[in-house]
Amino acid sequence: MFHPTVFDNIKIAFENQIYDYDNLDGILVVTDRSDLLNMALMSREFSLSFQLTAGRKVTAEILLTSSTKDLSDEILEVPNTDPGCNLSLRFYMEVEDIPSECQAIDSILKAIWGPDFQPVQSLSFIYGQESETYNNCIELQFKRQLTEEQMEDIPNLLSHLLQSAEELESFTV
């Protein structure tokens with residue numbers, strides 16, 4: 001019989017809660033979902049993106065990954081290992097005034113997530129297209145792996161994610 005991996009269990013927990021927020025609570029709209037198996041590396045990647053129904057300027061994304069080693073340690077029940085997966089959160093939005101807006105975004109996210117999280121902001125634009133806005137991808141990388149012991153933390157983590165999206169949404173130009 002198939003035994004779901006830690007990756008599968010955590011993925012389903014995130015999916016269930018996000019889709020409840022979409023279908024039952026109506027506070028967000030799921031805009032994209034991806035569940036990939038990299039056959040070359042034998043790794044897994046799951047992402048789920050959404051926008052708040054109250055505003056559509058910020059897209060939030062949950063990114064869950066699991067490496068070959070994580071999956072094999074779990075399946076082979078390797079002693080003295082604690083298999084898990086990696087979690088990143090991303091926010092996509094536009095900015096105009098890079099110095100002041102990026103600093104404000106950094107402050108907003110550090111106030112919500114604490115000083116242990118260092119938001120990484122990557123700015124881009126399309127060369128040749130005149131625009132006064134830049135695309136900003138803001139990433140929060142969790143330093144430790146997520147295991148099934150942290151499953152009960154998912155509602156609180158999602159609460160912080162929603163708060164982050166709300167505050168970034170109200171901040172945007």
Side-chain angles (χ1 to χ4, degrees), residues 7 10-68 85-146 154 157-173:
F7 177 88
I10 294 173
K11 175 188 85 152
I12 294 297
F14 275 113
E15 257 182 324
N16 288 342
Q17 187 68 54
I18 292 294
Y19 278 109
D20 282 352
Y21 286 151
D22 183 350
N23 298 320
L24 301 178
D25 301 332
I27 59 175
L28 59 84
V29 174
V30 172
T31 58
D32 194 20
R33 179 185 177 280
S34 176
D35 193 354
L36 305 174
L37 169 63
N38 183 326
M39 295 296 286
L41 298 175
M42 294 307 293
S43 62
R44 300 273 312 266
E45 180 179 297
F46 170 75
S47 67
L48 191 61
S49 300
F50 65 86
Q51 294 177 330
L52 299 174
T53 54
R56 301 286 177 103
K57 298 176 192 169
V58 175
T59 298
E61 178 184 32
I62 297 166
L63 180 65
L64 198 60
T65 59
S66 187
S67 70
T68 302
C85 44
N86 298 307
L87 176 66
S88 297
L89 305 175
R90 293 181 183 154
F91 302 93
Y92 301 92
M93 58 190 289
E94 291 184 351
V95 294
E96 291 177 0
D97 181 5
I98 293 172
S100 66
E101 291 180 48
C102 289
Q103 178 58 46
I105 291 166
D106 192 67
S107 297
I108 288 168
L109 293 176
K110 284 181 180 175
I112 295 169
W113 294 94
D116 290 340
F117 287 93
Q118 296 296 320
V120 175
Q121 299 185 56
S122 302
L123 301 167
S124 64
F125 65 94
I126 297 174
Y127 177 74
Q129 289 185 359
E130 295 297 321
S131 179
E132 295 189 16
T133 62
Y134 297 86
N135 297 316
N136 191 356
C137 172
I138 306 113
E139 184 168 0
L140 295 172
Q141 181 87 37
F142 285 70
K143 294 179 182 160
R144 64 181 172 93
Q145 284 200 315
L146 216 64
I154 289 175
L157 186 142
L158 289 175
S159 175
H160 280 66
L161 177 63
L162 291 172
Q163 179 185 357
S164 300
E166 288 169 0
E167 290 194 28
L168 291 174
E169 188 74 43
S170 64
F171 160 77
T172 59
V173 290

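No experiment lies behind these values; they were computed from the predicted model shown.
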Side chains of [X] and [Y]: closer than 4.5 Å at any heavy-atom pair?
| X | Y | answer |
| --- | --- | --- |
| L89 | I62 | yes |
| L157 | F14 | yes |
| E94 | N135 | yes |
| N38 | E45 | no |
| L109 | L168 | yes |
| I10 | L87 | no |
| S107 | Q103 | yes |
| L162 | L52 | yes |

**OP:** May I ask you to check whether over 12 heavy atoms, not counting those of Y19, lie within 6.0 Å of atom OH?
**Re:** yes
Closest contact, heavy atoms only, [X] versus [Y]:
| X | Y | answer |
| --- | --- | --- |
| I18 | L28 | O-CD1, 3.8 Å |
| S43 | T68 | N-OG1, 4.2 Å |
| T53 | G26 | OG1-O, 3.0 Å |
| S47 | L63 | CB-CD1, 3.9 Å |
| Q121 | C102 | NE2-O, 2.9 Å |

Does any N or O in the side chain of [X] come within less than 3.5 Å of the main-chain N or O of [Y], such that one atom is a donor and the other an acceptor?
| X | Y | answer |
| --- | --- | --- |
| D22 | V30 | yes |
| T59 | Y92 | no |
| E169 | V58 | yes |
| S66 | R44 | no |

How long is the straight-line distance from [atom2] of [Y] back to [atom1] of [X], given to the nearest 0.5 Å?
| X | Y | atom1 | atom2 | result |
| --- | --- | --- | --- | --- |
| Q51 | D32 | CD | CG | 11.0 Å |
| S164 | F91 | OG | CZ | 4.0 Å |
| Q145 | T65 | CD | OG1 | 8.5 Å |
| I108 | E101 | CD1 | CD | 10.0 Å |
| T31 | E61 | OG1 | CD | 8.5 Å |
| F46 | L37 | CZ | CG | 14.5 Å |

Original post:
For the residue pair W113 and H160, does the interplanar ring angle fall in the parallel (under 30°), tilted (30 to 60°) or perpendicular (over 60°) class?
Top reply: tilted
Subject >> D116/K143 ion pair, N-O < 4.0 Å >> reply: no
**OP:** Quick one: do E139 and S88 satisfy side-chain hydrogen bond (donor to acceptor under 3.5 Å, both in side chains)? Show the steps, please.
**Re:** CA-CA 7 Å; E139 184 168 0; S88 297; 3.2 Å; yes
**OP:** Decide side-chain hydrogen bond (donor to acceptor under 3.5 Å, both in side chains) for K110 and Q118; before the verdict, give the C-alpha distance in whole Å, the side-chain angles of both, and the deciding distance to 0.1 Å.
**Re:** CA-CA 7 Å; K110 284 181 180 175; Q118 296 296 320; 3.2 Å; yes
